[in-house]
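Before any comments, here is the structure.
The model shown is predicted, which means the values in this text are computed figures rather than measured ones. Counting starts at 1 for both ligands and their atoms, in listed order.
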Amino acid sequence: MKVIKDLPAVFDEFAEQRKNSFLAVKKIKENGSPVVGVFCTYFPQEIAMAAGATVVGLCSMSDETVGEAEKTLPRNLCPLIKSSYGFAKTDKCPFFYFSDLIVGETTCDGKKKMYEYLGEFKPVYVMELPNSQSESGKKLWKEEIIRFKEYLEEKFETTITEDAIKDAIVLRNEERQALKDLSYLMANEPAPMLGQDIFKVLYGAGYKFDKRESIDQIKAVTETIKKDYAEGKMLEHRPRILITGCPLGGATEKVIKAIEDNGGVVVGFENCSGMKSIDEMVDETNPDVYQALADRYLNIGCSCMTPNPNRYKLLGRMIDEFQADAVVDMVLQACHTYNVESFGIKRFVNEEKGIPYMSIETDYSQADVGQLNTRMAAFVEML
Ligand code: BJ8
């Protein structure tokens, strides 16, 4: 297995990957391949991959275009929705610009209503995501995946074969497993490194379009960290924090930084930029590929599900496996579902897992960095 000499340079490369892929997506377009822009972890990427399309995440995570978005959308709306809409409206996001199709799902109310306006700029296809993981929910989601496959075949004038879907499943599983293996290095005590470095890879990998190359690179990073750890390269003991909640990335990396600048280490990410997207594999042995995809994707424990037992299951398991000393719940302002769920998560973390919990409500501005530092310093000190 390949070992990488200069880990910090690789982390920087992953950190810059989103920006560095602007040119890559342009080239993909010039070569005639379709680009599908998406907003959510529930999106079954394998279907688009089987159509020969490149999938790119469009969730924007900076406050640069929030002001422009607020001319159309209410101010009291989640910053992820405002930012994403703002980048589309101002044509400042190259990924949006080069997307042939935007796919959304009926997740939270704000997002699904925003998609109606996005349709004014680009073709938008909305998948009807059930809000529960019941048997009828699974049936609907499987039908929706098939409906989407048929739509893509017509839109891109292609045939999506089951063999191509199977190949995509195998490739995506390998990518998930590679990212999972890397993430689980943080289960070691003391931790091998800061969570902010692991996060750079988790986040940046989504913007690497050559999956094969990306998987090999992630595996090499994991091997290098393992080797270094065996040779005694690791952090001193620090209080171990697990982050849960809304998707992290861009501006909200300030939360990871505030924890680690004040003496903690973020050992795990129970959210869509982390374990929610990589924990469960698609069953490669199921001959019904649509069922296999429906089962895996609908299992994601997002707060738009009601009830949402899978978030508790994954969080509980991660607290144990990553030996977490405390949990920080990152909630974006005006995200009602995660905000309401905070009470249940706090009770679960405090009473069932017996460890401290802190909730942070934030947005994409940097205005609360000082306050975040003060709160984190006190929280970490207490552990
Ligand atoms: S599967 S977390 S990516 S919906 S933060 S826009 S929920 S108001 S991002 Fe998400 Fe899919 Fe769920 Fe993951 Fe709405 Fe909340 Fe904003 Fe959110």
**Message:** Would you call the rings of Phe96 and Phe121 parallel, tilted or perpendicular, taking 30° and 60° as the class edges?
**Reply:** perpendicular
**Asked** What protein N, O or S atoms come within a distance below 2.8 Å of atom 11 (Fe) of ligand 1, ordered by chain and number?
**Response** Cys40 SG
**Asked** Do Thr362 and Asp368 have a side chain donor and acceptor closer than 3.5 Å?
**Response** yes
**Message:** If you apply the rule side chain to side chain donor-acceptor pair (under 3.5 Å), what do you find for Lys89 with Thr72, and how did you get there?
**Reply:** CA-CA 10 Å; Lys89 184 182 175 193; Thr72 311; 3.2 Å; yes
**Request:** Heavy-atom contacts with Ile81 under 4.0 Å: which atoms of ligand 1 show up? List them by number with element.
**Result:** 6 (S)
**Close-contact set for ligand 1 against Cys246 heavy atoms, below 4.0 Å** = 5 (S)
**Complete:** Looking only at protein heavy atoms, what sits closest to atom 15 (Fe) of ligand 1 is Cys335 SG, 2.3 Å
**Asked** Looking at atom 9 (S) of ligand 1, would you say a protein heavy atom lies below 4.0 Å from it?
**Response** yes
**Prompt:** Any side-chain heavy atom of Val56 within less than 4.5 Å of one from Phe98?
**Reply:** no
**Request:** Please tell me if the side chains of Glu64 and Phe87 come closer than 4.5 Å, counting only heavy atoms from C-beta onward.
**Result:** yes
**Prompt:** Which atoms of ligand 1 have any heavy atom of Leu332 under 4.0 Å away?
**Reply:** 5 (S)
**Asked** If you round to the nearest 0.5 Å, how far is CZ of Phe199 from CD1 of Ile243?
**Response** 8.5 Å
**Asked** Identify the closest protein heavy atom to atom 2 (S) of ligand 1: which residue and atom is it, and at what distance?
**Response** Tyr338 OH, 3.4 Å
**Message:** To the nearest 0.5 Å, what is the distance between CD1 on Ile81 and CG on Leu332?
**Reply:** 9.0 Å
**Asked** What do we get for Asn271 next to ligand 1 when only non-hydrogen atoms under 4.0 Å count, side chain, backbone, both or neither?
**Response** neither
**Fill in**
heavy-atom search around atom 16 (Fe) of ligand 1 in the protein gives Cys78 SG, 2.3 Å
**Message:** Which residue in the set Asp279, Leu314, Asn310 passes side chain to side chain contact (heavy atoms under 4.5 Å, CB included) when paired with Asn299?
**Reply:** Asn310
**Within one Ile-Leu-Val-Met-Phe-Trp-Tyr cluster: Tyr184 and Phe14, side-chain cutoff 4.5 Å** = yes
**Prompt:** Which residues, ordered by chain and number, are linked to Tyr338 in its hydrophobic cluster, where ILVMFWY side chains connect at heavy-atom gaps below 4.5 Å, directly or through other members?
**Reply:** Val331
